[in-house]
Amino acid sequence: MVKYGLDYTRCRWILPLLLGIGVIFGIIALAGRGWLESQTLPYVHQASLWESCTRPGQGGPWTCESLMGYAWGRAAAATYLVGFILLVICFALAIIAFAIDTLRFNFIRGIGGLLFVAAVFSIMGLVIYPVKFSSEIEMTGINMFSWAYGFGWTTAIMEICLGFFFCCLPNYEDQILGNVKPTYFYSSP
(Lines give C-alpha, C1' and ligand atoms only; values in the text may rest on other atoms or scores of the structure.)
Protein backbone atom coordinates (compact mmCIF):
# COMPACT_ATOMS: atom_id res chain seq x y z
CA MET A 1 0.00 0.00 0.00
CA VAL A 2 2.84 2.40 0.83
CA LYS A 3 4.62 1.53 -2.42
CA TYR A 4 1.74 2.74 -4.61
CA GLY A 5 0.29 5.35 -2.28
CA LEU A 6 -3.25 5.70 -1.07
CA ASP A 7 -4.31 7.01 -4.46
CA TYR A 8 -3.82 3.50 -5.82
CA THR A 9 -7.47 2.50 -6.27
CA ARG A 10 -7.25 -1.04 -4.93
CA CYS A 11 -5.43 -0.01 -1.74
CA ARG A 12 -7.33 3.11 -0.84
CA TRP A 13 -10.32 1.36 0.71
CA ILE A 14 -8.51 -1.33 2.73
CA LEU A 15 -8.72 0.57 6.04
CA PRO A 16 -12.45 1.43 5.78
CA LEU A 17 -13.08 -2.17 4.68
CA LEU A 18 -11.32 -3.51 7.78
CA LEU A 19 -13.32 -1.12 9.95
CA GLY A 20 -16.49 -2.37 8.26
CA ILE A 21 -15.54 -5.95 9.09
CA GLY A 22 -15.00 -4.84 12.70
CA VAL A 23 -18.50 -3.31 12.70
CA ILE A 24 -19.97 -6.58 11.42
CA PHE A 25 -18.14 -8.54 14.14
CA GLY A 26 -19.46 -6.06 16.73
CA ILE A 27 -23.02 -6.57 15.50
CA ILE A 28 -22.58 -10.33 15.79
CA ALA A 29 -21.27 -9.93 19.34
CA LEU A 30 -24.14 -7.64 20.36
CA ALA A 31 -26.86 -9.83 18.85
CA GLY A 32 -25.34 -13.26 19.51
CA ARG A 33 -26.70 -15.59 22.16
CA GLY A 34 -23.38 -17.39 22.54
CA TRP A 35 -21.56 -15.32 25.14
CA LEU A 36 -21.73 -18.22 27.58
CA GLU A 37 -22.89 -21.74 26.79
CA SER A 38 -22.91 -25.17 28.40
CA GLN A 39 -19.94 -27.15 27.17
CA THR A 40 -21.28 -30.66 27.73
CA LEU A 41 -24.61 -32.44 27.66
CA PRO A 42 -27.18 -31.63 28.94
CA TYR A 43 -27.09 -28.12 27.53
CA VAL A 44 -28.69 -26.19 30.38
CA HIS A 45 -27.18 -22.70 30.21
CA GLN A 46 -26.93 -20.10 27.48
CA ALA A 47 -26.31 -16.39 27.89
CA SER A 48 -25.95 -13.28 25.78
CA LEU A 49 -24.86 -9.79 26.71
CA TRP A 50 -28.48 -9.01 27.55
CA GLU A 51 -29.93 -12.13 29.23
CA SER A 52 -29.13 -15.46 30.84
CA CYS A 53 -31.23 -18.51 29.93
CA THR A 54 -31.38 -21.84 31.74
CA ARG A 55 -33.47 -24.99 31.45
CA PRO A 56 -33.90 -27.84 33.89
CA GLY A 57 -33.29 -30.72 31.51
CA GLN A 58 -32.45 -31.54 27.92
CA GLY A 59 -36.05 -31.26 26.72
CA GLY A 60 -37.42 -28.61 29.07
CA PRO A 61 -38.30 -25.03 28.14
CA TRP A 62 -35.75 -22.24 28.45
CA THR A 63 -36.36 -19.68 31.20
CA CYS A 64 -34.59 -16.39 30.64
CA GLU A 65 -33.58 -13.70 33.11
CA SER A 66 -32.56 -10.23 31.98
CA LEU A 67 -29.06 -9.17 32.98
CA MET A 68 -30.21 -5.56 32.94
CA GLY A 69 -31.53 -6.09 36.46
CA TYR A 70 -27.94 -6.24 37.68
CA ALA A 71 -25.78 -3.13 37.89
CA TRP A 72 -22.82 -5.00 36.41
CA GLY A 73 -25.02 -6.22 33.52
CA ARG A 74 -25.99 -2.66 32.66
CA ALA A 75 -22.34 -1.56 33.01
CA ALA A 76 -21.04 -4.34 30.75
CA ALA A 77 -23.70 -3.70 28.10
CA ALA A 78 -23.27 0.09 28.25
CA THR A 79 -19.48 0.07 27.97
CA TYR A 80 -19.45 -2.45 25.13
CA LEU A 81 -22.23 -0.54 23.37
CA VAL A 82 -20.34 2.77 23.71
CA GLY A 83 -17.25 1.12 22.22
CA PHE A 84 -19.34 -0.21 19.35
CA ILE A 85 -20.93 3.19 18.67
CA LEU A 86 -17.47 4.79 18.59
CA LEU A 87 -16.37 2.09 16.13
CA VAL A 88 -19.32 2.93 13.86
CA ILE A 89 -18.41 6.63 14.06
CA CYS A 90 -14.81 5.79 13.13
CA PHE A 91 -16.08 3.73 10.20
CA ALA A 92 -18.14 6.67 8.92
CA LEU A 93 -15.22 9.10 9.42
CA ALA A 94 -12.85 6.73 7.59
CA ILE A 95 -15.17 6.55 4.61
CA ILE A 96 -15.32 10.36 4.56
CA ALA A 97 -11.53 10.68 4.99
CA PHE A 98 -10.66 8.29 2.19
CA ALA A 99 -13.35 9.55 -0.18
CA ILE A 100 -11.77 13.02 -0.27
CA ASP A 101 -9.18 13.36 -3.04
CA THR A 102 -6.60 15.05 -0.81
CA LEU A 103 -6.05 13.12 2.37
CA ARG A 104 -6.07 14.98 5.66
CA PHE A 105 -3.48 13.08 7.68
CA ASN A 106 -4.28 14.79 10.99
CA PHE A 107 -7.89 13.72 10.49
CA ILE A 108 -6.70 10.15 10.01
CA ARG A 109 -4.65 10.33 13.22
CA GLY A 110 -7.79 11.52 15.05
CA ILE A 111 -9.65 8.44 13.83
CA GLY A 112 -6.85 6.32 15.29
CA GLY A 113 -7.14 8.03 18.65
CA LEU A 114 -10.90 7.51 18.66
CA LEU A 115 -10.35 3.82 17.87
CA PHE A 116 -8.17 3.51 20.98
CA VAL A 117 -10.96 5.04 23.07
CA ALA A 118 -13.43 2.59 21.51
CA ALA A 119 -11.08 -0.29 22.34
CA VAL A 120 -10.87 0.81 25.99
CA PHE A 121 -14.67 0.84 26.32
CA SER A 122 -15.03 -2.51 24.54
CA ILE A 123 -12.40 -4.17 26.72
CA MET A 124 -14.02 -2.77 29.87
CA GLY A 125 -17.31 -4.42 28.90
CA LEU A 126 -15.59 -7.66 27.91
CA VAL A 127 -13.82 -7.86 31.29
CA ILE A 128 -16.77 -6.84 33.48
CA TYR A 129 -19.06 -9.46 31.93
CA PRO A 130 -17.22 -12.73 32.73
CA VAL A 131 -15.89 -11.63 36.12
CA LYS A 132 -19.27 -10.58 37.51
CA PHE A 133 -21.29 -13.21 35.63
CA SER A 134 -19.28 -16.11 37.06
CA SER A 135 -19.41 -14.67 40.58
CA GLU A 136 -23.10 -13.66 40.74
CA ILE A 137 -24.99 -16.07 38.46
CA GLU A 138 -25.30 -19.68 39.58
CA MET A 139 -23.95 -21.97 36.90
CA THR A 140 -24.41 -25.73 36.72
CA GLY A 141 -22.21 -28.10 34.77
CA ILE A 142 -19.25 -27.09 32.66
CA ASN A 143 -19.68 -23.76 30.90
CA MET A 144 -17.54 -21.85 28.43
CA PHE A 145 -17.46 -18.36 27.04
CA SER A 146 -18.32 -19.02 23.46
CA TRP A 147 -18.42 -17.69 19.90
CA ALA A 148 -20.25 -14.37 20.38
CA TYR A 149 -17.90 -13.45 23.24
CA GLY A 150 -15.01 -14.29 20.89
CA PHE A 151 -16.44 -11.96 18.26
CA GLY A 152 -16.47 -9.23 20.92
CA TRP A 153 -12.77 -9.79 21.62
CA THR A 154 -12.01 -9.89 17.89
CA THR A 155 -13.69 -6.50 17.53
CA ALA A 156 -11.62 -5.07 20.41
CA ILE A 157 -8.37 -6.43 18.94
CA MET A 158 -9.24 -5.01 15.53
CA GLU A 159 -9.90 -1.61 17.15
CA ILE A 160 -6.44 -1.65 18.76
CA CYS A 161 -4.60 -2.79 15.62
CA LEU A 162 -6.43 -0.38 13.32
CA GLY A 163 -5.88 2.40 15.86
CA PHE A 164 -2.13 1.85 15.59
CA PHE A 165 -2.32 1.80 11.81
CA PHE A 166 -4.40 4.99 11.62
CA CYS A 167 -2.06 6.76 14.06
CA CYS A 168 1.14 5.67 12.30
CA LEU A 169 -0.05 6.29 8.74
CA PRO A 170 0.62 10.08 8.84
CA ASN A 171 4.29 9.35 9.67
CA TYR A 172 4.64 8.03 6.11
CA GLU A 173 2.85 10.95 4.46
CA ASP A 174 5.71 11.78 2.08
CA GLN A 175 6.13 8.16 0.97
CA ILE A 176 2.38 7.76 0.43
CA LEU A 177 2.08 10.97 -1.58
CA GLY A 178 5.24 10.22 -3.57
CA ASN A 179 7.23 13.24 -2.34
CA VAL A 180 10.40 11.28 -1.50
CA LYS A 181 13.26 10.97 -3.94
CA PRO A 182 14.38 7.39 -4.56
CA THR A 183 17.61 6.39 -2.84
CA TYR A 184 20.12 4.44 -4.87
CA PHE A 185 22.65 2.27 -3.16
CA TYR A 186 24.80 1.78 -6.25
CA SER A 187 27.88 3.92 -6.52
CA SER A 188 29.94 4.13 -9.67
CA PRO A 189 33.67 3.23 -9.41
Side-chain angles (χ1 to χ4, degrees), residues 15-94 109-168:
L15 291 175
L17 175 70
L18 289 173
L19 280 174
I21 291 170
V23 168
I24 291 169
F25 286 174
I27 291 170
I28 292 170
L30 284 169
R33 293 188 59 101
W35 278 58
L36 181 121
E37 293 180 333
S38 298
Q39 187 173 358
T40 57
L41 287 172
Y43 299 114
V44 294
H45 204 155
Q46 183 180 36
S48 69
L49 181 61
W50 312 104
E51 63 184 4
S52 174
C53 299
T54 57
R55 65 179 172 180
Q58 180 62 18
W62 289 95
T63 57
C64 296
E65 172 190 13
S66 175
L67 295 178
M68 297 302 109
Y70 298 96
W72 61 266
R74 290 188 303 271
T79 54
Y80 190 79
L81 195 58
V82 166
F84 176 74
I85 290 170
L86 289 175
L87 176 65
V88 171
I89 290 170
C90 288
F91 175 63
L93 291 176
R109 188 170 278 153
I111 294 171
L114 196 58
L115 279 170
F116 284 125
V117 173
V120 167
F121 277 105
S122 297
I123 290 172
M124 282 174 28
L126 290 166
V127 169
I128 291 170
Y129 183 84
V131 170
K132 298 305 281 183
F133 192 98
S134 60
S135 68
E136 293 197 19
I137 302 285
E138 184 181 339
M139 294 187 283
T140 58
I142 301 170
N143 297 292
M144 65 177 175
F145 290 98
S146 190
W147 59 272
Y149 185 69
F151 273 107
W153 274 107
T154 304
T155 302
I157 291 169
M158 286 182 74
E159 289 168 348
I160 292 169
C161 294
L162 288 169
F164 276 116
F165 197 77
F166 272 95
C167 284
C168 293

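One-based numbering along the sequence shown.
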Between side-chain atoms of residues 80-91 and protein atoms elsewhere (two or more places apart, or another chain), which donor-acceptor pairs fall under 3.5 Å?
none

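The side chain to side chain contact (heavy atoms under 4.5 Å, CB included) test applied to W72 returns L67, Y70, I128, Y129, K132, F133, E136, I137, not counting sequence neighbours.
In this pair, F145 and Y149 present their aromatic rings tilted. The plane angle is within the 30 to 60° band.
Summarising the geometry, atom CD1 belonging to I28 is positioned 4.5 Å from atom CZ belonging to F151; distances are rounded to the nearest 0.5 Å. To the nearest 0.5 Å, atoms CG (L114) and CG (L93) are separated by 7.0 Å. Atom CG in L19 sits 4.5 Å away from atom CZ in F166 (nearest 0.5 Å). Interatomic distance, CH2 of W50 versus CH2 of W35, reported as 8.5 Å (0.5 Å rounding).
Pairs engaging residues 20-44 under the salt bridge (Lys or Arg N to Asp or Glu O under 4.0 Å) rule: R33-E51 [sequence neighbours left out].
Heavy atoms only, all atoms of each residue included: F116 and C167 are closest at CE1-SG, 3.7 Å. A pairwise comparison of heavy atoms in A94 and P16 identifies O-CG, 4.0 Å as the closest pair. Nearest approach of A148 to A29, heavy atoms of both residues: O-CB, 3.6 Å. In this structure, M68 and A77 approach most closely via the heavy-atom pair CE-CB, 3.7 Å. Listed here is the closest heavy atom pair of S122 and E159: OG-OE1, 3.2 Å. Between L126 and G152 the shortest heavy-atom distance is CD1-O, 3.4 Å.
Under the 3.5 Å distance criterion, the side-chain polar atoms of S38 are matched with a main-chain donor or acceptor of V44. Using modelled atom types, no side-chain atom of T54 and backbone atom of H45 make a donor-acceptor pair closer than 3.5 Å.
Between I123 and I160 the shortest side-chain heavy-atom distance falls below 4.5 Å.
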